[in-house]
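Excluded from the calculations below are hydrogen atoms, water molecules and symmetry mates; all remaining heavy atoms, backbone and side chain alike, are included.
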Amino acid sequence: MIMANILLINPKDDEVKNVSDPLIDLRHTEKQLEEEMFNEQMEKYFQERSIETHFRDYPYISNLGLLSIAAYCRENGHNVKYVQDGTVDRKTLESLINNADIIGISVKTVNRNRSELLAEFSKYTNPNAMLLAGGPEVTLCGMNGPFDVFIKGAGEKVISDIATYGKEILPQCKGIK
């Protein structure tokens, strides 16, 4: 059984320079409408599950999917770091990337460009790390970049299995490309 160092990165949203992209505009509008309910529910969710996070400091950018993956992988004995893009300096991010065996980057329509930039930086900084892309819109975004694996759907078990058994488990994993 392999125990891995896992780094999960939640990219900040792309800067909207051209509102003519209806998919980005729709997602930004949806995020504004959900924000009130999201903020109310998140604190309760984390308390009930004893998940430690800096959600209170950055409530508008925490990623429930990545936090769930982090909790699941920690329960299976892996060392997990969770980073909000833009909240750590470049040197710290570089250090975290260099110490990771697996790097998971969340992909949404509103951050697809930033996700690709972080993927390229991660692969350049640590070419030996397995680079994973996942999220609710990973297949809708027309993702490019140096990702090794794309995960569609829940990533908790897939990432934990890869961390535990190595890349040899990939053919048995469902929902990956």
(request) Check Glu156 against Gly65 and note the closest heavy-atom contact, atom names and distance. (result) OE2-O, 4.3 Å
(request) Look up atom CD1 in Ile103 and atom CE in Met130, then write down how far apart they are to the nearest 0.5 Å. (result) 11.5 Å
(message) Under 4.0 Å between a side-chain nitrogen and a carboxylate oxygen: does that hold for Lys123 and Asp148?
(response) yes
(message) Within this structure, what is the CZ-CD1 distance for the pair Phe121 and Ile9, rounded to the nearest 0.5 Å?
(response) 9.0 Å
(request) Would you please test Tyr82 and Leu7 for side chain to side chain contact (heavy atoms under 4.5 Å, CB included) and show each step? (result) CA-CA 6 Å; Tyr82 172 80; Leu7 174 62; over 6 Å; no
(request) Compute whether any side-chain donor of one residue and acceptor of the other, for Asp89 and Thr92, lie under 3.5 angstrom apart. (result) yes
(request) Check whether any side-chain N or O of Asn126 sits under 3.5 Å from a backbone N or O of Ala129 as a donor-acceptor pair, and report yes or no. (result) yes
(message) Quick check on the hydrophobic clustering: are Leu117 and Val107 connected, directly or via other members, by side-chain heavy-atom contacts under 4.5 Å?
(response) no
(message) If I take atom OG from residue Ser160 and atom OH from residue Tyr165, how far apart are they, to the nearest 0.5 angstrom?
(response) 8.0 Å
(message) Measuring from atom CG of Asn79 to atom CD1 of Ile6, what distance do you get when rounded to the nearest 0.5 angstrom?
(response) 8.5 Å
(message) To check you understand the geometry: which heavy-atom pair defines the closest contact between Ser115 and Phe147, and what is its length?
(response) O-CZ, 4.0 Å
(message) Between Asp161 (side chain only) and Val158 (backbone N and O only), is there a donor and an acceptor less than 3.5 Å apart?
(response) no
(message) I want to check something: taking the side chain as every heavy atom from C-beta on, are Leu118 and Leu93 in contact at a cut-off of under 4.5 Å?
(response) yes
(request) Return the minimal non-hydrogen interatomic distance between Asp85 and Pro11, and the atom names on each side. (result) CB-CA, 3.5 Å
(message) Between Asn5 and Asn99, is there a side-chain donor-acceptor contact under 3.5 Å, judged purely by atom types and distance?
(response) no
(message) Hydrophobic cluster membership, with links at side-chain heavy-atom distances under 4.5 Å among I/L/V/M/F/W/Y: are Ile159 and Tyr72 in one?
(response) no
(request) Look only at the side chain of Thr125 and the backbone of Ser122, and say whether a donor-acceptor pair between them is shorter than 3.5 Å. (result) no
(message) Nearest 0.5 Å, please: how far is NZ in Lys167 from CD1 in Ile102?
(response) 11.5 Å
(message) So that I can tick it off, tell me whether Arg90 and Glu94 are bridged by a salt bridge, with the cut-off set at under 4.0 angstrom between side-chain N and carboxylate O.
(response) yes
(request) State the CD1-CG distance between Ile105 and Leu132, to the nearest 0.5 angstrom. (result) 9.0 Å
(message) Contact between Lys108 and Asn10 at the side-chain level, heavy atoms closer than 4.5 Å - yes or no?
(response) yes
(request) Verify, without hydrogens or angle tests, whether His78 (side chain) and Ala4 (backbone) share a donor-acceptor contact under 3.5 angstrom. (result) yes
